[in-house]
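It should be emphasised that the depicted structure is a prediction, and the values quoted were computed from it without experimental measurement. Throughout, residue positions are numbered sequentially from 1 according to the sequence presented.
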Amino acid sequence: MDVLDRLQSAGVLSSLDVQLARTLERLQPGQSQPVLLGAAFASRAIAHGHICADLRELDARPLVDEAGEAIDDVTLPTLFEWVMELGQTTLCSDGSRPTPLVFDGEARLYLTRYWEYQNSLAEALRARSTEQLPLDPTQLGADVRRLFAPGPGQVSNARQMLAAVVAAARRLTVISGGPGTGKTTTVVRVLALLVEQALCADEAPPRIMMLAPTGKAAARLSESVSGSVETLACAEAVKAAIPREARTLHRALGYLPHTPTQFRHGKDDPLPADVVLVDEASMVDLALMAKLVEAVSGDARLILLGDKDQLASVEAGAILGDICNAEGPQAYSEPFAAVLQDVLGEQAESLPLGGPARTGPWDCIVELTHSFRFSADKGIGKFAKALRAGDAEEAIGLLDADDPSVSMVPLSDPNRLEATLRPAVLAAFATYLDARTPEAQLEGLGSYRLLSAHRRGAFGTERLNAMIEDILLRAGRIERTSAGPHYHGRPVMVTTNDYQLGLFNGDVGVIAYDGPNLRAFFRGKDGALRSLLPSRLPPHETVFAMTVHKSQGSEFNNVGLMLPPALSPILTRELIYTGVTRAKETVRLYGTADVLQESVKRRVERASGLRDALWE
């Protein structure tokens, strides 16, 4: 058994990874083992969320199988051997000529397609970030102060105002902020400002397109914007120019089923929009972001909105994190600082203006730091702050501080899972199960959700959902029949987009009686209740519990967060942070302090050259 086969049998490489290496060997016989292994690991990297293979990491870390056991009978090439062999083979280049692989000369090895995605995206973002658009500081300042005027008992939020000025002055704006920092409120006012600026210049209002990576996120954005527009301090003509409906990225770009890696809209046929807003940008992978940015006209504004500290996309890349996470002083450089000072006046005193000139797109990035939902000095807000900072001791100390909003229940034995969860499950779902109407059920379902790091395994959502159903069944809270999986009170989550039905991946509904028959009830775009026969549902699953990944963008009054009894590759501070910040009132962790401590110390590490391409 050669090295490639041995690594496949150990679960390190997939059949696809090995097949790529074998194909390259057939195309150009006589390739050395470092070249073929490099190709296989570059392929493997994409499946694990990386943009490239980091050969330095492979050289530094011990090789282990799926179970974490050392693979003693395989020795990977040293970094020196990889560099030498990749520099000599005709299968690899520095990107200046067409080859299957691209090597940056130091440690990053790419499949060519992902090298091209990375560099085209970096080039496009840098180009957008440098152009200074004309503006009238006096008029702009007056409009910003009116639109962002604080309500009774509130104070002005300088960073929200800053985001508006950046959006007016640049073709690229990146707004990052945690839950409760007012991202949607800010961006609705930003859109109103852009409309006003156009109307004041006797121009037509900009064509605005609102996008999100998933149907669920698009529906949530539509609902949030619709609720915020009517509160704006502006003319009705301005409100009318702001759309109320968001679309998925795939639908807006023009998904082509027969060529799934290509879209109808691109460089030669850009999106018909003057302002493109993308919500939940942390969930967008490298390939999709590169194609989106290419499809945004060079004359249009692009606004990326998200939380850089949340989990990255399931696919390759951590794009929002790469864009936002710059090294060095976080200060706006001259001459842009002078423009901000002129427009914002005394509000600029609290902002990081001035500082050394930067070569990256820093002037386009605004981080919203004040949470209107959580106090920064206690409870969930303080806990989330410790998680973002990677301060495991502080986080664990807060769990021991007798604060009811953040707590931990010791749990490591799978055999004790049901006994531990039973009281919490019966109490948490009582309001939901006592509801007498589908409307009340949907409302009650949002009061609690059990989240897990994993889908499968002893503490995974598949087992948790089955266990919760069994607990409720034995307590007489639900009744199941032999007619099928559906029963009155079953919460369901759609797992595949169905544009004909208007149901999307992540949409949550309830099965309930409508007269003598069971129906599936969901909230429509306008908030009204809609229903359909359960047999017409697209693929779906029970959702008393869901993975943290699936919960992104959702909010619940109370959250239970299940940690596995041992560390796994996906347990990181970003995952814990994302799960914890789904809660508005209380969060209870189930697990051990040791697993939590180690998880908080670990970050999502996605091998990528995007950050260097943007900032160096």
Side-chain angles (χ1 to χ4, degrees), residues 157 159-160 175-186 220 279-283 305-312 318 320-321 324-325 330 365-409 446-453 546-563 570-593 595-604:
N157 190 294
R159 287 183 178 267
Q160 292 184 345
I175 304 173
S176 175
T181 53
K183 293 191 296 294
T184 303
T185 300
T186 299
R220 189 172 56 254
D279 194 17
E280 298 289 356
S282 65
M283 298 170 64
L305 188 66
D307 183 351
K308 67 180 178 60
D309 296 309
Q310 269 195 184
L311 282 168
L320 190 63
C324 293
N325 197 357
Q330 299 180 353
I365 300 170
V366 180
E367 183 173 2
L368 305 180
T369 56
H370 176 74
S371 176
F372 298 91
R373 182 186 306 168
F374 304 126
S375 167
D377 301 322
K378 61 181 180 180
I380 295 175
K382 192 172 184 180
F383 190 62
K385 182 179 180 181
L387 295 174
R388 287 197 305 271
D391 191 338
E393 291 186 6
E394 171 76 4
I396 291 173
L398 290 170
L399 293 174
D400 296 330
D402 199 27
D403 184 337
S405 63
V406 181
S407 60
M408 173 174 264
V409 176
S447 66
Y448 179 81
R449 192 63 48 86
L450 184 62
L451 306 179
S452 176
M546 66 195 306
T547 63
V548 175
H549 275 89
K550 283 287 190 180
S551 76
Q552 288 190 86
S554 299
E555 296 177 355
F556 310 100
N557 293 338
N558 308 286
V559 162
L561 178 57
M562 184 69 60
L563 302 180
I570 69 169
L571 275 180
T572 61
R573 75 178 66 163
E574 289 87 354
L575 184 136
I576 306 298
Y577 167 83
T578 301
V580 164
T581 54
R582 299 312 91 202
K584 294 189 287 186
E585 297 175 8
T586 69
V587 59
R588 176 174 292 177
L589 286 78
Y590 295 88
T592 67
V595 169
L596 176 63
Q597 183 174 36
E598 292 304 313
S599 300
V600 174
K601 291 179 181 178
R602 300 163 62 188
R603 301 202 65 171
V604 171

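Taking 4.5 Å as the limit, every side-chain heavy atom of Val600 sits out of range of all side-chain heavy atoms of Ile396. Between Asp309 and Thr578 the shortest side-chain heavy-atom distance does not fall below 4.5 Å. Side-chain contact between Phe383 and Thr581 is absent, with no heavy-atom pair separated by less than 4.5 Å. Side-chain contact between Arg588 and Tyr590 is present, with at least one heavy-atom pair separated by less than 4.5 Å. Looking at heavy atoms from C-beta onward, Asp307 lies in side-chain contact with Tyr577 at the 4.5 angstrom threshold.
A distance-only check finds no donor-acceptor pair linking the side chain of Lys308 to the backbone of Gly177 [under 3.5 Å]. The closest donor-acceptor contact from the side chain of Arg159 to the backbone of Glu367 lies under 3.5 Å. Side chain of Arg602 to backbone of Glu598: no donor-acceptor contact under 3.5 angstrom is found. With Thr181 contributing its side chain and Gly178 its backbone, the two residues share a donor-acceptor pair below 3.5 Å. Ser551 contributes no side-chain N or O that, together with a main-chain N or O of Ser554, makes up a donor-acceptor pair within less than 3.5 Å.
Interatomic distance, OG of Ser452 versus NZ of Lys550, reported as 14.5 Å (0.5 Å rounding). Note: Asn557 CG to Ser447 OG = 6.0 Å, rounded to the nearest 0.5 Å. For the atom pair Leu398 CG and Ser407 OG, the distance stands at 12.0 Å (nearest 0.5 Å). Put simply, NZ on Lys601 and CG on Asp391 are 10.5 Å apart, with the number rounded to the nearest 0.5 Å. To the nearest 0.5 Å, atom CZ of residue Arg388 and atom CZ of residue Arg573 are 11.5 Å apart. Atoms CG and CD, from Leu387 and Glu394 in turn, are 10.0 Å apart once rounded to the nearest 0.5 Å.
Partners of Gln160 under the side-chain hydrogen bond (donor to acceptor under 3.5 Å, both in side chains) rule, at least two apart in sequence or in another chain, are Thr186.
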Steps toward side chain to side chain contact (heavy atoms under 4.5 Å, CB included) verdict (Val587, Ile380): CA-CA 8 Å; Val587 59; Ile380 295 175; 4.1 Å; yes
Verdict with reasoning, Gln310 to Gln552, per side-chain hydrogen bond (donor to acceptor under 3.5 Å, both in side chains): CA-CA 8 Å; Gln310 269 195 184; Gln552 288 190 86; 3.1 Å; yes
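Residue Gly306 comes nearest to Lys183 through the heavy atom pair O-CD, 3.5 Å, listed as atom of the first residue, atom of the second, then distance. Residues Val595 and Leu571 come closest through the heavy atom pair CG1-CD1, 3.8 Å. The two residues Ser405 and Gly379 come nearest to each other via the heavy atoms OG-CA, 3.3 Å.
In summary, of the residues considered (Leu451, Val580, Leu589, Val548), a side-chain contact (heavy atoms from CB on, under 4.5 Å) with Val559 occurs for Leu451 alone.
Side chains of Thr586 and Asn558: a donor-acceptor N/O pair is present below 3.5 angstrom, by distance only.
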